[in-house]
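This report concerns only the one structure given below.
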Amino acid sequence: MFTHTSAPSVGILGLGFLGKILTGELNYSTDSWGTWHEIPPQERELPVFHFDWADENSWKELPETAATLVLTIPPLLKNPEAETERLQLWGTWMRQNRPQLKSLIYVSTTGVYPKRNGIWTENSKFEADTLSGKLRLLTEKILSHYFSLQVVRAGGIYGSGRGIDFRLKSGKPIPLSSTLVHRIHVQDLARIILHLVEHPESATCVNAVDLEAKPSWQVARWLIENRNDLTQEMFPESAEFSSSLPGTPQRVISNQRLRKLGITLRYPTFRQGME
Ligand SMILES: NC(=O)c1ccc[n+]([C@@H]2O[C@H](COP(=O)([O-])OP(=O)(O)OC[C@H]3O[C@@H](n4cnc5c(N)ncnc54)[C@H](OP(=O)(O)O)[C@@H]3O)[C@@H](O)[C@H]2O)c1
């Protein structure tokens, strides 16, 4: 739990999968709040209100009291120029109309790093090689002009009903690739974000990835071997694989900075998170 009474309030933009878990980690004695978009949340553990990031008329709904914003909403437009313009408009509006909301934690993704082998750190110089990576990078850059910004580049978020175990159970395909998948349990991601709220000076950008990246098929095979509720029939192909699948088995996202922050992960690897 987030228990420091002197800690700033938190305003969660987007009460989706992560946003809902974040609310569970907050101390409700603070004046924290969250926003919903399509459907109001049924369980209201903190004050919530409607907010549409795409609609300028909706921005005035944001409170005028100080809070650290946590932006969980993904890029809205697929066209980089249009998204740049939209973000600049919002940033300008926020600076003029909500100067109390100047601290922002942006939930980005490790998908910004190129799909090439190498060790990728927060300080690496690179260009994104996918449209979604480009949109994320430009969002990080533009937001930094308008806010006191901390970026969390999250790996694949799992836990609470999401992950390879749930894919196996529901008969969804398991990606057949040797690419390392870097993951983070949703509760650990929430705790990393709240650590940054409490310690704004600790990092301007951090990769949120756990201690053991593995290709999806290896996680699936481990699950079948270790969980009684999962069977070989759910992933019959796994028996045939060696490590010769196509992909980028040496693309490593560094977790050194995260480890230096001193946060002990509740789920250091998928083994604890999916046990
Ligand atoms: N899933 C992963 O493995 C992963 C990995 C790395 C990073 N991420 C990123 O991390 C962030 C949090 O992930 P998540 O799984 O919690 O995502 P999520 O469940 O899709 O939550 C995103 C939230 O943004 C809201 N939203 C969308 N458009 C909006 C708009 N125009 N105005 C206001 N709110 C809007 C959504 O509300 P509605 O649903 O009501 O529209 C939803 O509550 C996302 O940006 C995601 O892309 C995800």
Side-chain angles (χ1 to χ4, degrees), residues 10-25 33-46 48-62 69-78 82-83 86-87 89-90 93-94 104-113 120 128 130-140 143 150-167 172 175 179-194 196 205-210 213 216 219 253 255 258 267 270 273-274:
V10 178
I12 305 170
L13 299 174
L15 289 174
F17 179 57
L18 169 65
K20 285 193 189 112
I21 299 286
L22 252 177
T23 65
E25 297 284 333
W33 47 265
T35 72
W36 58 272
H37 178 225
E38 295 278 343
I39 305 165
Q42 289 185 333
E43 289 170 29
R44 296 171 179 218
E45 296 182 278
L46 75 179
V48 298
F49 54 88
H50 177 258
F51 172 73
D52 183 356
W53 201 25
D55 177 5
E56 276 183 68
N57 294 318
S58 182
W59 300 346
K60 61 180 182 309
E61 305 301 332
L62 295 174
L69 299 177
V70 179
L71 178 58
T72 76
I73 309 170
L76 297 186
L77 305 175
K78 296 276 174 264
E83 185 66 350
R86 196 189 68 78
L87 287 164
L89 198 65
W90 185 64
W93 188 92
M94 289 295 287
L104 187 147
I105 295 173
Y106 176 53
V107 184
S108 183
T109 158
T110 54
V112 297
Y113 297 115
W120 301 97
T130 60
L131 175 61
S132 63
K134 285 187 175 74
L135 287 164
R136 291 291 186 168
L137 270 188
L138 75 80
T139 305
E140 293 179 6
L143 292 176
Q150 294 169 284
V151 173
V152 181
R153 292 179 176 158
I157 308 171
Y158 77 97
S160 291
R162 272 198 200 172
I164 298 289
D165 41 354
F166 291 94
R167 289 190 78 85
K172 288 190 179 148
T179 297
L180 285 180
V181 178
H182 296 75
R183 298 178 181 77
I184 189 75
H185 194 285
V186 64
Q187 281 179 12
D188 281 327
L189 179 56
R191 290 171 63 241
I192 292 165
I193 290 168
L194 294 178
L196 295 181
C205 180
V206 64
N207 295 332
V209 295
D210 71 18
S216 300
V219 174
I253 313 292
N255 57 21
L258 177 65
Y267 305 100
F270 64 89
M274 297 185 193

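Atoms within a ligand are numbered from 1 in the order they appear, just like the ligands themselves. We use all heavy atoms of the structure for the numbers below, so side chains are in, but hydrogens, waters and symmetry mates are not. We count residues from 1, following the sequence as given.
- Given atom 21 (O) of ligand 1, the protein heavy atom at minimum distance is Gly16 CA, 3.6 Å.
- For a threshold of 3.5 Å applied to N or O pairs, the pair formed by Leu76 and ligand 1 contains no separation below that value.
- By the definition of a contact as any protein heavy atom under 4.0 Å away, atom 36 (C) of ligand 1 is not in contact.
- Looking at heavy atoms from C-beta onward, Ile253 lies out of side-chain contact with Leu180 at the 4.5 angstrom threshold.
- Counting only heavy atoms from C-beta outward, the side chains of Lys134 and Thr130 never approach each other to under 4.5 Å.
- Atoms of ligand 1 lying under 4.0 Å from at least one heavy atom of Trp53, given by number and element, are 30 (C), 31 (N), 32 (N), 33 (C).
- The atoms of ligand 1 that sit less than 4.0 Å from any heavy atom of Val107 are 10 (O), 11 (C).
- Remark: ligand 1 atoms within the under-4.0 Å shell around heavy atoms of Phe51 are 32 (N), 33 (C).
- Between atom CD1 of residue Ile192 and atom CD of residue Gln187 there is a gap of 12.0 Å, rounded to the nearest 0.5 Å.
- Interface atoms of ligand 1 facing Gly156, defined by a heavy-atom separation under 4.0 Å, are 3 (O).
- Of all protein heavy atoms, the one lying nearest to atom 4 (C) of ligand 1 is Ile157 CD1, 3.5 Å.
- Note that atom 16 (O) of ligand 1 has protein non-hydrogen atoms nearby, at separations under 4.0 angstrom.
- Residues Arg162 and Phe17 have side chains in contact (heavy-atom distance under 4.5 Å, counting atoms from C-beta outward).
- Nearest protein neighbour of atom 40 (O) of ligand 1, counting heavy atoms only, is Glu38 N, 2.8 Å.
- In terms of N/O distances under 3.5 Å, ligand 1 is approached by Phe17.
- For atom 11 (C) of ligand 1, the nearest protein heavy atom (residue, atom name, distance) is Thr72 O, 3.3 Å.
- Rounded to the nearest 0.5 Å, atoms CG (Asn207) and CH2 (Trp120) are 12.0 Å apart.
- Proximity of Val48 to Ile12: side-chain heavy atoms (C-beta onward) are nowhere separated by under 4.5 Å.
- For atom 38 (P) of ligand 1, the candidate residues are His50, His37, Arg153; the nearest heavy-atom contact is made by His37.
- Between Arg136 and Arg153 there is no side-chain heavy-atom pair separated by less than 4.5 Å.
- For atom 46 (C) of ligand 1, the closest heavy atom belonging to the protein is Arg136 NH2, 3.5 Å.
- Taking 4.0 Å as the cut-off, Gly155 counts as a neighbour of ligand 1 on heavy-atom distance.
- The shortest N/O to N/O separation between Thr109 and ligand 1 does not fall below 3.5 Å.
- Atom numbering of ligand 1 starts at 1 in the shown order; those under 4.0 Å from a heavy atom of Leu15 are 43 (O).
- Protein heavy atom at the shortest distance from atom 1 (N) of ligand 1 is Arg162 NH1, 3.2 Å.
- Taking the ring centroids of Trp36 and Phe51, they lie at or beyond the 6.0 Å cut-off.
- Side chains of Thr35 and Leu15 form no contact here, defined as non-hydrogen atoms less than 4.5 Å apart.
- Looking at Leu13, Ile73, Val181, Leu18, it is Ile73 that brings a heavy atom closest to atom 26 (N) of ligand 1.
- For the pair Lys20 and Glu43, the salt-bridge criterion is not met [side-chain N within less than 4.0 Å of a carboxylate O].
- Between Tyr158 and Ile164, every side-chain heavy-atom pair lies at or beyond the 4.5 Å cut-off.
- Remark: minimum distance from atom 31 (N) of ligand 1 to any protein heavy atom is reached at Asp52 OD1, 3.0 Å.
- Both cation-pi conditions hold for Arg86 and Trp53: the charged atom is under 6.0 angstrom from the six-membered ring centre and inside a 45 degree cone around its axis.
- Of the protein's heavy atoms, Ser108 O, 3.4 Å lies nearest to atom 7 (C) of ligand 1.
- When side chains are defined from C-beta on, Val206 does not count as touching Gln150, because their heavy atoms never get closer than 4.5 Å.
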